[in-house]
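Numbers restart at 1 for each chain; the letters A, B, ... are given by sequence-line order, proteins then strands.
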Amino acid sequence: DAGVIQSPRHEVTEMGQEVTLRCKPISGHDYLFWYRQTMMRGLELLIYFNNNVPIDDSGMPEDRFSAKMPNASFSTLKIQPSEPRDSAVYFCASSESSYGYTFGSGTRLTVV
Amino acid sequence: KQEVTQIPAALSVPEGENLVLNCSFTDSAIYNLQWFRQDPGKGLTSLLLIQSSQREQTSGRLNASLDKSSGRSTLYIAASQPGDSATYLCAVSPLTGGGNKLTFGTGTQLKVEL
């Protein structure tokens, strides 16, 4: 397996634009997580899915953020409209039940 | 709310030294604890996972211990090498109500010098 695949690796966008981050989890993993990493706040859980169903989105900072998982092999995290304070590295991770996580390489988002 | 703290925030050691990284958490009702490694500009790599019923896990030169009652874990790295230079993060998952979600510490940035 190629691991958790995220795209794009880097994204630079202007304030107010819509940004969509993509994730392909490891086949067979039933959990998918979206995390955000910043210098100030470290790694924060935004939302996670179990069997494609959103379970906990309490970490989503505002209504500008939304996430979907239309099937077991694909998830998106969308920010609309984007703001400079959204600049961070966004990680997707997947796991099989209670076993260890596998993280993607992340998407570095810069909003100018 | 669970809080995870890692001390020290940064550590620089000469090659070959044995070292200990510390992790503490405020809520002892955990399901498991994991140690991760993060290289600059990269994602996280899982190193060791300790279930709440376990006391320690070992993988090669790495040994992680867990004292759930006191809310502490340590990661012991034996005979450190320059390739061990990275940021090490610990993370805990809750016993109830949280599924598999993790709360991360802020990490210890390790540099092993030649």
Side-chain angles (χ1 to χ4, degrees), chain A residues 2-10 21 23-26 29-60 67 88-110, chain B residues 1-7 9-10 23-25 29-54 57-59 62 64 66 73 75 86-109:
Chain A
V4 176
I5 300 172
Q6 291 187 246
S7 64
R9 289 296 310 275
H10 303 274
L21 311 181
C23 175
K24 176 178 168 54
I26 289 176
H29 282 191
D30 53 349
Y31 283 88
L32 183 139
F33 307 82
W34 283 100
Y35 283 86
R36 178 172 68 176
Q37 186 176 39
T38 62
M39 287 293 293
M40 290 295 295
R41 301 173 68 91
L43 268 161
E44 302 173 286
L45 177 67
L46 299 177
I47 184 171
Y48 77 96
F49 297 81
N50 179 217
N51 292 321
N52 312 339
V53 177
I55 302 300
D56 185 347
D57 65 354
S58 60
M60 297 284 262
V89 181
Y90 291 81
F91 287 104
C92 175
S94 68
S95 74
E96 182 181 1
S97 297
S98 61
Y99 295 102
Y101 278 40
T102 302
F103 275 78
S105 299
T107 295
R108 182 173 297 275
L109 173 65
T110 303
Chain B
K1 178 186 172 186
Q2 177 75 271
E3 292 184 5
V4 182
T5 304
Q6 291 186 245
I7 295 173
C23 172
S24 61
F25 45 95
I30 64 169
Y31 185 69
N32 61 41
L33 181 146
Q34 297 183 52
W35 283 93
F36 293 86
R37 167 185 174 138
Q38 185 175 27
D39 292 285
K42 301 287 180 63
L44 282 70
T45 301
S46 180
L47 297 174
L48 290 164
L49 183 151
I50 311 177
Q51 298 291 354
S52 61
S53 58
Q54 297 175 318
Q57 282 286 340
T58 298
S59 176
L62 305 180
L66 173 64
S73 176
L75 179 66
T87 296
Y88 291 81
L89 299 116
C90 69
V92 297
S93 65
L95 188 60
T96 59
N100 214 13
K101 68 179 186 180
L102 297 177
T103 300
F104 280 85
T106 49
T108 293
Q109 190 172 7

Quiz item: Got a sec: does the CD of B/Q2 have more than 12 other heavy atoms crowding it under 6.0 Å?
Solution: yes
Self-check item: Part of A/Q6 lying under 4.5 Å from any heavy atom of chain B
Solution: neither
Practice problem: Heavy atoms only: give me the nearest B/K42-A/F91 pair and the separation to one decimal. | Solution: O-CZ, 3.6 Å
Quiz item: What distance separates A/S95 OG from B/Q34 CD, expressed to the nearest 0.5 Å?
Solution: 8.5 Å
Quiz item: Can you tell me how far the OG1 atom of B/T106 sits from the CE atom of A/M39, to the nearest 0.5 Å?
Solution: 10.5 Å
Quiz item: At a heavy-atom separation under 4.5 Å, does A/L43 approach chain B through its side chain, its backbone, both, or neither?
Solution: both
Quiz item: If you measure from CG on B/L102 to CD on A/E44, what distance do you get to the nearest 0.5 Å?
Solution: 14.0 Å
Quiz item: In Å and rounded to the nearest 0.5 Å, what is the CZ to OH distance from B/F104 to A/Y35?
Solution: 5.0 Å
Exercise. Check each atom of A/R41 against the heavy atoms of chain B and say whether the ones under 4.5 Å are side chain, backbone, both or neither.
Key: neither
